[in-house]
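Worth saying up front: this structure is predicted, and the values here are computed from it rather than measured. These values consider heavy atoms only, across backbone and side chains, with no hydrogens, waters or symmetry-generated copies. In what follows, residues are counted from 1 in the order of the sequence shown.
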Amino acid sequence: MAPAPGIPAAMERPHFIGIGGAGMSGIAKILAQRGAKVAGSDAKESETAEALRALGATVHIGHAAEHLADDASCVVVSSAIRADNPELARAAELSVPVVHRSDALASLMGGLRAIAVAGTHGKTTTTSMLAVALTELGLDPSYAIGGDLAGPGTNARHGAGEIFVAEADESDRSFQKYDPEVAIVLNVELDHHANYASMDEIYESFEAFTGKIVPGGALVIAADQSGAVELASRVRGPGTFKVVTYGEAEGADVRVHKVTARGLTSEVTVLLDGRFLTFTVSVPGRHYAHNAVAALAAGIALGIPAHNLASALGTYTGVKRRLQLKGEAAGVQVIDSYAHHPTEMTADLEAMRAAAAPGSRLLVVFQPHLFSRTQELATEMGQALALADASLVLDIYPAREDPLPGVTSALIIDAAKEAGAAVTAVHDKGAVPEAVAGMARPGDLVLTMGAGDVTDLGPDILARLGD
């Protein structure tokens with residue numbers, strides 16, 4: 001087993017602008033664990049900031065030019081950092097090199113056997129499943145994930161093993177920087193409308209990503225999703241990597257034979273090389289079962305025995321915000337979902353519907369994420385909410401975007417009502433716990449859904465239910 005490499009050149013004293021972000025903090029943690037002198041800034045205090053300080057990093061709150069040390073070896077940024085950031089301006093004055101997050105992550109993977117997990121949905125879950133399973137098998141992988149594991153409680157780790165598992169982000173084309181031995185493509189859909197104007201642009205971006213697979217490597221790709229099937233047809237041929245398909249389609253190389261819901265878990269049976277293999281996935285829903293099968297196929301492509309990997313995948317207990325049970329009060333379970341694209345929303349609502357007891361209702365608190373996404377997908381979001389018994393819809397969470405004229409949550413609410421959904425607009429987030437308490441009955445499931453700060457409402461809802 002090859003030893004894990006040390007600190008990449010120019011990363012000895014990195015400064016991260018927005019160090020608390022899911023992707024940025026992961027890279028910072030790995031560098032700190034490798035011995036780099038890590039510093040950075042973030043807009044507000046957080047558990048992530050504290051975790052970084054515990055690893056020896058210096059974390060400033062707020063953005064100011066003086067936060068950038070004179071001896072910084074580089075400044076790491078993500079696509080979300082604006083050009084007028086004062087620390088970025090200070091870096092230019094000091095002639096400190098500016099490195100994109102994806103280049104920093106690519107440098108950490110150097111010399112290791114990389115698995116890059118891509119797709120419009122499911123990246124965090126699948127990356128997490130692999131990280132947990134490989135750790136369970138004693139392979140001590142490094143990993144960088146876009147969410148915190150429910151088990152180890154972190155989004156990144158420097159391991160002594162030869163495998164590095166990374167979530168590969170297509171939103172800004174940064175996943176094209178990596179050179180994976182195994183690439184996973186879970187699905188290909190139009191999203192990130194600020195960066196992609198058409199499906200053709202999406203396909204071209206994913207083709208560039210798969211083109212970076214190292215000679216002799218493998219592409220693990222879904223056999224059931226139309227965008228993935230189209231991508232597979234585009235990249236098949238006398239290439240330098242093999243294509244491994246997974247899913248329920250008749251000709252899939254790793255075929256999903258059966259998924260059986262068992263409350264908040266699933267039992268999955270796959271057909272592999274003419275033999276059936278059954279294992280448990282400790283999260284509900286068919287789409288999470290497919291994520292586990294993608295992880296299984298990727299591990300097999302690295303040479304890990306299938307039965308060992310299947311058993312280890314059963315130890316995965318979830319990721320924060322991916323159908324995470326926040327608690328129960330007055331007989332009502334409150335569950336948190338990161339779903340913000342209609343496909344994800346539909347998948348999570350169907351999973352919860354399958355997990356619910358007979359007679360239980362599914363109540364949703366949905367916060368749309370980004371004006372651009374709402375402008376393009378409001379109708380589909382509204383249609384997804386029709387799968388719930390009742391929904392409260394909050395105002396749009398802007399994240400990095402400025403408002404767009406005429407784009408509000410009303411577009412989603414109108415579409416939801418058109419689809420027959422029971423939907424209510426709530427403009428004051430603080431009014432949600434009281435509203436939910438007035439709706440919920442014992443046995444109901446309440447789902448807080450969205451990629452913004454709707455997740456903060458879970459404890460408040462539980463407290464109000466318990467009054």
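Side-chain atoms of H290 and E248 form a donor-acceptor pair, as typed in the model, at a separation below 3.5 Å. A side-chain donor-acceptor contact under 3.5 Å links K177 and S102. For the residue pair S174 / D169, no side-chain donor-acceptor distance below 3.5 Å is found, with atom types taken as modelled. A donor atom on one side chain and an acceptor atom on the other are found under 3.5 Å apart for T455 and D336.
Side-chain contact between M345 and E380 is absent, with no heavy atoms from C-beta onward closer than 4.5 Å. Side chains of T125 and Y316 form a contact here, defined as non-hydrogen atoms less than 4.5 Å apart. Counting heavy atoms from C-beta outward, R157 and S142 have side chains that stay 4.5 Å or more apart. You'll find the side chain of L105 reaches within 4.5 Å of the side chain of Y178, heavy atoms only. Contact of the E181 side chain with the L302 side chain is registered, since non-hydrogen atoms from C-beta on lie closer than 4.5 Å.
Taking the six-membered ring for Trp and the full ring otherwise, the centers of Y338 and H340 sit less than 6.0 Å from each other.
Ring geometry for F209 against F175 counts as parallel: the plane angle stays under 30°, on a 0 to 90° scale with 60° as the upper cut.
At distances below 3.5 Å, not a single donor-acceptor pair connects side-chain atoms of T448 with backbone N or O atoms of L457. Distance alone, capped at 3.5 Å, is enough to place a donor-acceptor pair between the R353 side chain and the L387 backbone.
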